[in-house]
Each structure stands twice: as structure tokens, then as C-alpha cells.
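Order of the sequence lines sets the chain letters (A, B, ...), proteins ahead of strands, with each chain counted from 1.
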Protein chains: 2
Amino acid sequence: MGMENGPSDPLKPPVPTLMAVARMAGVSPITVSRVVRRPDIVSSGTRLRVEDAIRKLGYVPNMVAGSLASARTKSVGVLVPTIANSIFADTVQGLSDVLEPLGFSVILAQSGYDHQREERMLAALLSRRPEAIIMVGAPVTAEGAEMLRRARIPVVETWELPAAPVDAAVGFDNHDAGVVVGRHFAKAGRRRLAFVGGDDRRATQRWHGFVEAAREAGLTEPRRVLIEWQSGAGAGAALLATAPDADAVFAANDAYAIGLLSALRRAGRLDVEPGTVPPIAVVGLGDLEMGRLFSPTVSTIRIDGAAIGRAAAELALDPTKPRRVDLGFELVLRESG
Amino acid sequence: MGMENGPSDPLKPPVPTLMAVARMAGVSPITVSRVVRRPDIVSSGTRLRVEDAIRKLGYVPNMVAGSLASARTKSVGVLVPTIANSIFADTVQGLSDVLEPLGFSVILAQSGYDHQREERMLAALLSRRPEAIIMVGAPVTAEGAEMLRRARIPVVETWELPAAPVDAAVGFDNHDAGVVVGRHFAKAGRRRLAFVGGDDRRATQRWHGFVEAAREAGLTEPRRVLIEWQSGAGAGAALLATAPDADAVFAANDAYAIGLLSALRRAGRLDVEPGTVPPIAVVGLGDLEMGRLFSPTVSTIRIDGAAIGRAAAELALDPTKPRRVDLGFELVLRESG
DNA sequence: TGCGGAAATGATAGCGCTATCATTCTCGGC
DNA sequence: GCCGAGAATGATAGCGCTATCATTTCCGCA
């Protein structure tokens, strides 16, 4: 039993403990602990001696033991669907930018949009006793929600604003975003709308808003094109196969939008005489920088993912802050529609 | 003292411990521990009773305590320069894909390409006693390297192959990549080369290779354009300001390359009569999907970031594996040069 | 010179769990 | 029915640190 004690290689010294430092400096263990955590309350003489011993031994405090003793892990669990080429990377960045300077570590888990895996990952996170959980979306399973409630720590859901969050939420109204894009298409005279994206709850909320706006404008029911693999090219192919006659598409993110536009251009569906309206409009979501560089420049629902992350971190650390923050979104119209 | 004991809210029950489960099930604590970790060695009768108690109480094992007792944290520290819109997100994804199914958690830290911060983050990671450290690049400071060595855990450096890694490395030869791109430009008849990117060690290695190839071909010294903010548009502006006469550019990543191409197109520097060579060639690095969708399609040094992550995870978990894995790269030529 | 209060340091106990060894139980073979 | 070996369970003793309270030291001021 016992962490890191006794040299794994008999030739090399063991990883030093606080006790070793104390012995070397000729003080009690608790004084070493104080030098590490509250140097201001230790006299400069002993502090110097202890710091010396720490340096000589290369002592690195064992936060596992510290956490157990103090009931503070200085860590935050973060659960995202995926981190690779995704709009959530900005949110994680934003989180870290707030958390790391305060000495908090980020324990990152990915659910891959899989319900069972989300539940497992939540359990895994909670077993490490983070001081808060920040996740994209609300927990999908009732089990998951219950676990979070029982953990008695701040829980911040992001990228959506559930009616009854476990604890707190930072995001925007996905349903509204769908409505705004749908209305925009209707006003622009588009008739055959399509929606390209996943089937997670946030996408579905946007879809519902989108449908609502289409109905309201007297349009036929929009087509919903489901994307399996997270790929822009895949989105393009799927749209052309499933809804080839659409004249306006709302894509779940800018990567899909760009993939779509690229496929449409290759298919000659973007050719347009100067001064006329392009035959198909595309609006993305996220305001990726690439969208501004692409040609046509990509219209999008702008969302500040980093700001969501920063706000979430603040709610996570301060339970007295308002538990619901709507950061809104903005329809940014560019060349693509 | 003591984690999570005593109800923070006197009305609500405290977070249950293994001891509470044991009492409820009428067994000893150690038996509960076994049900959680090695259910196969517990008779099905007691197992059922214990599992029942676990469910009733909503017990979530405290891994902090478990880690301290067993000297195994089941966690891996991961240090990247940045995770937002970066080629490293794929590597983190690849890592997680291997690690999470094995029950390992990822503790993520970002250095922001800052030497001091890298050192602080390494110390913070090590204090959590991860079973391995995986980082992008080699530690920049000698202090950092020393800390890692003393930690006596596997350390995997990625995205480069240092001559003397602390422990292991998975990546490719950045110098070579520079040489390959430089030679390619020279062979294509380009004369005024430029290099756009940061000044971290990996970028600098590529730069050296690039310069070497230029010299070897008898070209004038390439220009080096330093990018501060991670933005494609910024890269475009910087190039046009610093090296407006370049006829071939090696960009540190595909996002820069696309920003560059976009700026060049806007400046009319990409206009080309059919059948002739474009006046300026651009090669990126990373093979972003977007590069294939952009027009012109982006030539690039293809690197499989996810594969680097997966390989790194395997080296991290198995110290007997070879300590140096060259995953190589590939020059992919498309329209941009 | 001595006193009181603050500053500095220490002794004790325990966080929640697991490694290790000991003990008890079970059961088939003789 | 008894023995021995394996299966199942338990008692004990920490892991490395910090909360809490106790004690000692220091120093300014009466």
C-alpha cells in the first residue's frame, strides 16, 4: 500500500514526501505544508530553510493526499460530446482560461454523443470529486441527472438553456436560433427548407424552431438531413442525396455549412449571374473564422463559445451567481445566404 | 477536515461513503471495495446485497481516497499549447479514445506557448500524481524536464522527435518537413520563399529545414513571418505586410494557409490565366478538412494528429513499448502549390 | 521588568479507501 | 466423519496530507 514510496528502482531515490522535507529542514510536517500553501504565515527564516529543502529534494506536493485531507480537489470536471474539430474546443479554452490561473485543473471527458457513455463518464468524473461539473448540454439520462444532483456540487450546463437545469446553465435559446434562421429564409423568399445536423437535443431544438418558422410562413415542412460522421464533406454529400431540391439550408455548424457550400459549388448549384440571388442559401452556426475566409463567405448564427466557457467557469466557482445566463446569438448575414 | 462528510445542508443526507454501504449491506468495508473493483471474487449473494445498498444510497466511490491508498490514480496528464481551433484537438481526441475505455481520466492543461506557464502547468499536473504525462513537444525549460524525470512516470512527447526525449516520443521530423517543402518549392521554380508561423521549437525546426533546402537550391534566404495571434486572417495580413514579394509560402498550419490564400485572393495575387502557374504557392500543415474544401484546395504536409494521440497513449501506458515512434508525414499537393 | 496578545510552530487525529495478511467457510475425496 | 485446499470474508494498518486546537515564542508597551 501507499503511493510512490520505496524506490521502484532500488538505485534511485524515492519520490520525496512532505515528511522528508520536514526532516531535512528540521521542522514539523505541518510547517512544510504551510510553506507550500500559506507562505505568508511562516517566518521568513524557516520559510527559507523549508524552501531550500523543497528545492534540494525536488519535492512536488501530493495533491491526492492533500485533497483527501482537505476535502478540496481544486479540480473541475468537464464533459463535452467531442473536442476534435468542434465548436466546443473554444468553450474548453474559455473555461481553462478562467480556471487554471485559480489553481483549478480540468478533468476532460468526452461522451461522443453517446447516452450510455455520457453516464459512464459522469460517474467517472464524479468519482474524482471535482468541485464542479461543467458540461455541454443537460445530462441526457435521468440517471445522470440524479447522480449530479446527489453530488451536491455546482453543475453548469452549457450551449443550451434547459427549463429545469440540475443547477445552472449558460448558453442561448437553440429553438429561437432555429426560428430566426427559418424566418430569415422565408422572408428572403426561400420555399424548400432543409436542416442538416445531428440528432442531439440542441440540434433538435433548433430543428423544432426552424419547422415552426416554416409553418408560420406557410411553407412545406422542411427536410431534416441527419449527419453521422462529423465531416463537412459528408454533410455536402448527404444534402445532395437527401434533399437535392432544397433552396435554403440551416447547417448545425459552420464546418457543415462550408462542406455543403463546397459540394454545391462543385455540383454547379452555386453558379450565379452577378446581381441575382444564388439558387441556394446556406446558414451555419458558430461563426468559425474559416467561414469568413471561405468564398462565398458563410452566413451564420454567431455564438461566442469562449464566452460560454468563461461564464460557465464563473458560475461553477460561485454558487451565489445567477443560475441562468443567456449569452444570446446573432444572425450574421454574409454571401452564402 | 474530511471530505464531504456531514451534510452541508443539514436537511439533506451526506454523500455516502464505502463505510455507509458496508453497514447497510451488513458486510465489512473491504468487501464493498471488492464488489466495486473485483466483483468476480465476491460470492453472488453478498455481491447482490452490496450492489443493492450501493444503488439505494447512490454511492459513488471516492477515487481520491482510493488513489491515495492504492498509489494508482488512473489518470494521465495532458499538456498542449492550446486546444482551441488547433491541430492538437485531434491528438487529444485520439488520446482519450484509447485512455477512457481503460478507465483513465485525462487531466488537461494548456501552456499557451508560454514557457513559464508550461512549467507551472507541469508542476500542477505532477502534483496530481498522474500515471503518465503526454505533452505536445518536449519540455521547454530545463526545470520542467527535470521535474518530469524525477516524477518517475512515463512521459511522452508528441509532434516532434527530440534527440534525447525525457522518456518517449511520438511524432515526425519537423526539420525534414521544412526540407521537403523547401525542395518542392525550389523544384517548382519558386525563388522568393517565405515561412509563416510561430516561434515555438517545432516551427523553428521546420524553418531551419526550409532554409537549408533554399540554400541547397541556391535561393536567397527565405523570409520568416512571425504570427502572434492564432488567426488565419492575421497570417494573411502579416505576410502581405512583411514579405509582399514572396512567390512561395510555407505556413505553420492549414488555418494560416487558408487565411493566407484568402488574403492573397482578395489582393488579386491569385488571379491566374488558365493553364499558367499561379503567381504564389502556399503549402500548409495538418491536412485540415477545410483545406480540401477551400478554393484553391490547399497543399499541405499531412499529419495524422489522432494517430499521434493514440500512439502516445499506448506508449504512456506501456513502458516496454519502443520509446520512439516516427509516424512520418506526407506532402500532399493540391491546387495551392 | 513583566505582561498580554499576536505571531509562529507543533501534536494529534483522521480524510476514505486499499494492501496485506489472517481467519473462516465450503466441500470433495478417502 | 475428517482433512486439506481453495473460496470467501474480515481485521489491521497505513497512504500523505491538512483541520483543529494547543503550545511556545516574540515583541511592544505600561
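One interatomic measurement links the two molecules: CZ of A:Arg38 to P of C:dA7, which rounds to 12 Å at whole-angstrom precision. The nearest whole Å value for the distance from the CZ atom in B:Arg72 to the P atom in D:dG16 is 16 Å. Atom P of nucleotide D:dG14 and atom CG of A:Asn62 are separated by 18 Å, given to the nearest angstrom. When rounded to the nearest whole Å, the span between CG of B:Leu68 and C1' of C:dC17 equals 8 Å. Between the P atom of C:dT18 and the CG atom of B:Leu18 lies a distance of 6 Å, rounded to the nearest Å. Going from atom CG of B:Leu57 over to atom C1' of C:dG16 covers 15 Å, rounded to whole Å. Protein atom CZ of A:Arg49 is 12 Å distant from nucleotide atom C1' of C:dA8, rounded to whole Å. Note: CD1 (A:Ile30) to C1' (D:dA19) measures 8 Å, nearest angstrom.
For D:dA7, the OP1/OP2 oxygens have no side-chain nitrogen or oxygen of B:Ser43 closer than 4.0 Å. At the phosphate of C:dG16, neither OP1 nor OP2 sits under 4.0 Å from any side-chain N or O atom of B:Tyr59. Within the 4.0 Å cut-off from OP1 or OP2 of C:dT9, not a single side-chain nitrogen or oxygen of A:Ser28 is found. Between D:dG16 and A:Thr17, no contact under 4.0 Å exists linking OP1 or OP2 to a side-chain N or O. Considering only side-chain N and O atoms, A:Thr31 lies nowhere under 4.0 angstrom from the phosphate OP1 or OP2 of C:dA8. Side-chain nitrogen and oxygen atoms of A:Ser70 include none within less than 4.0 Å of the OP1 or OP2 phosphate oxygen of D:dT18. Between B:Ser33 and C:dT18 there is a side-chain N or O to OP1 or OP2 distance below 4.0 Å.
Side-chain atoms of B:Gln110 and A:Gln93 include a donor-acceptor pair closer than 3.5 Å. At a cut-off of 3.5 Å, with distance as the only test, no side-chain donor of B:Thr141 or B:Glu118 sits close to an acceptor on the other residue.
Counting only heavy atoms from C-beta outward, the side chains of A:Val136 and A:Arg202 approach each other to under 4.5 Å. Within the 4.5 Å cutoff, side-chain heavy atoms of A:Leu126 are placed close to those of A:Ile133.
Residue order along DNA chain D, read from the 5' end via each residue's closest nucleotide, puts B:Arg47 first among A:Val36 and B:Arg47. Nearer the 5' end of DNA chain D, as judged by each residue's closest nucleotide, is the contact made by B:Gly26, out of B:Ala65 and B:Gly26.
Residue-level contact check: A:Arg34 touches the bases, meaning some heavy atom is under 4.0 Å from a base atom.
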>> Please evaluate residues A:Arg128 and B:Ser105 with respect to the criterion side-chain hydrogen bond (donor to acceptor under 3.5 Å, both in side chains), reporting the C-alpha separation (whole Å), side-chain torsions for both, the decisive distance (0.1 Å), and the verdict.
In response: CA-CA 9 Å; A:Arg128 292 179 191 276; B:Ser105 292; 2.6 Å; yes
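Here the nucleotide nearest the side chain of A:Ala69, chosen from C:dC15, C:dT9, C:dC17, is C:dC15.
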